[in-house]
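Since the structure comes first, as structure tokens, the remarks are kept for the end.
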Amino acid sequence: MQLTRLRGFQDTLGAQARSLAAVEDCARKMAERHNVGEIRIPVLERLELFQHSSGETSDIVEKQMYAFADRDEAETTLALRPEGTPGVVRAYIEAGLDRSDPEQRFYYAGPMFRRERPQKGRFRQFSQFGVEIFGRADAATDAELMVMIDELRRDLGLELNFEINSLGDSECRPRFRQAVLEYGRAHFSELCEDCHQRLERNPLRLLDCKIDVKLAEAAPKSLDYLCDACRAHFAAVRELLTDAAVPHAVNPRLVRGLDYYTRTTFEVISTAVGAQSAVAAGGRYDGLVEALGGAAVPGSGFAIGVDRLALALEAARFASYADAAVIALGGAATRRAMKLAAEMRAAGLRVELLSPGRGLKALLRRADKIGARYAVIIGDNELGRATAVLRDLKASTQNEVAQHDLVAALCAGGGAR
RNA sequence: GUGAGUGUAGCUCAGUUGGCAGAGCAUCGGGUUGUGGCCCCGGCGGUCGAGGGUUCAAGUCCCUUCACUCACCCCA
């Protein structure tokens, strides 16, 4: 084997592919239910877009992006998107919606790229499903986002924990940040090395340090610094969540890696997927649209890690199956079998015509292998009588039916699932 | 970027003080010329991750390197 896949990138097939598709299908249906429409945006954008939105000092922008010069004369610097939100906001502004029709609800799905060291649940290309709601500053919007994830959780049959916090707005967040900074400086000698760096680059990150847990717990909490408006907003979100029966815990140490979050912030955690346990996260970003050159329009959204959610699903649920395997013995039978298989598919059945030319024994083994419920056997005998042998592979029984009764027999026998 | 663990058949893994490269599963065929799964028999399948060194002899010991995995970090 000479040519192999790139480190951190993966080929997905079989049960794993079906599992990913199931998560994405489920998420799409959920979003459509909430009258959220799809937006399709490029995978490649100008590097500056991410620098201006995610924050210059975030790790994502500093060292995780795939960035390179374009072949144009200006050598525009491009980057593979590390997350979905900036592109959606850019598209929203570019379409003029911030001025003409600010209230919008979008969902997107697709690959994101970050050049991190791979581990369980973390890949350099990964798939996200996200929802962004623009033009609404109310608490109900934030609550609805979490309700959406809770619905998806229920549809998929998963146990997930919701954590929620508020980071304040442009009025109270700076005060909180200053308090953390001062706290960090006061305890500088007790902080771990990582935290020394965090203090300068992104002080809020001090709060979710896993080494100096006691120090982090004693640090200032954003909730104590909220202004009256933010406090009321947070209380309203929590009340709505409780009404909607979404169990959630307040985590005062929950901060987000991206600069643009304001007020509500939340994270959804699975216990079933390893150390990379956050399967969804989001929050409010009221200043982002304006920061990217649009009107002062509030926004709120989330992103789901599709790969991680799929990881949490049991692989057994995605075993392959077919309603019927069609077995033809001989060339003349094959021509007839092709037509019969087409009729079955037209009736909505999942049907595979097995590769002819081998013995019946081998073909039946194959039918069993692909999880077929029934085998339809056509040889010279059946061809002459215009019949087919319909074998129930589960019950190990069979009978000969007329070819024009085949579809009806399959459907009646529970062939359609 | 940092640390630890693992690399032997398609997969999961044995392999003793250095002495002929193994098992189970999978696959293909036979037992049954047109009947799957269970059972029995057989076939196919190897650069022992790669490169170098020590040795009469290396999967095994030494060095280098690559890959994968998990964790830190970061984050969905």
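First the proteins, then the strands, lettered A, B, ... as listed; each starts at 1. Bear in mind that the values here come from a model prediction, so they are computed numbers and not experimental data.
- Listed candidates were B/G36, B/U69, B/G34. Nearest to the side chain of A/L329 is B/G34.
- Contact annotation: side chain of A/Q276 to base of B/C70, donor-acceptor pair absent below 3.5 Å.
- Each of A/G274 and A/S277 lies near RNA chain B, and the nucleotide nearest A/G274 is the one positioned closer to the 5' end.
- For A/R7, the side-chain atoms get nearest to B/C68 when compared with the rest of B/C68, B/G36, B/C70.
- Side-chain N/O atoms of A/Q10 and A/R5 include no donor and acceptor closer than 3.5 Å.
- Looking at A/E382, its side chain comes within 3.5 Å of the base of B/G34 through a donor and an acceptor atom.
- Under the 6.0 Å distance and 45° angle rule, A/R40 does not count as a cation-pi partner of A/Y108.
- Close to B/U27, at under 4.0 Å from its OP1 or OP2, lies a side-chain N or O of A/K369.
- Side-chain atoms of A/R358 lie closest to B/C28 of the nucleotides B/G34, B/C72, B/C28.
- Taking the P atom of each, B/C13 and B/G49 are spaced 14 Å apart, rounded to whole Å.
- Ring geometry, A/F129 versus A/Y107: the interplanar angle falls under 30°, so the pair is classed parallel (tilted spans 30 to 60°).
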Could you list all N or O pairs between the protein and nucleotides 2-4 of chain B that sit under 3.5 Å apart?
residue : atom : partner : partner atom : Å
B/U2    : O4   : A/R117  : NE           : 3.4
B/U2    : O4   : A/R117  : NH1          : 2.5
B/G3    : O6   : A/R117  : NH2          : 3.4

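- With hydrogens and angles left out, the side chain of A/R308 and the base of B/C75 share a donor-acceptor pair within 3.5 Å.
- In this entry the distance linking CD of A/Q64 with P of B/G1 reads 12 Å, nearest Å.
- Base contact: A/R114 has a heavy atom under 4.0 Å from a base atom.
- Between A/Y225 and A/F176, the two ring planes are tilted [angle within 30° to 60°].
- When each of A/L160, A/N161, A/I164 is tested with A/V268 by the rule side chain to side chain contact (heavy atoms under 4.5 Å, CB included), just one qualifies, namely A/L160.
- Residue A/D368 places a side-chain atom within donor-acceptor reach of the base of B/G36, judged by atom type and a 3.5 Å distance cut-off alone.
- At whole-Å resolution of the value, NZ in A/K361 and C1' in B/C38 are 12 Å apart.
- Where A/K394 and A/D307 each meet RNA chain B at their nearest nucleotide, the meeting point lying more 5' is that of A/K394.
- Judged purely by distance below 3.5 Å, without hydrogens or angles, the side chains of A/T387 and A/Q403 never pair a donor atom with an acceptor atom.
- Counted by atom type alone, A/Q398 and A/R391 present one or more donor-acceptor pairs between their side chains at under 3.5 Å.
- Remark: the A/R122 side chain and the B/C74 base include a donor-acceptor N/O pair separated by less than 3.5 Å.
- Under 3.5 Å, the side chain of A/N381 and the base of B/G34 form at least one donor-acceptor pair of N or O atoms.
- A donor and an acceptor atom sit less than 3.5 Å apart, one in the side chain of A/R391 and one in the base of B/G36.
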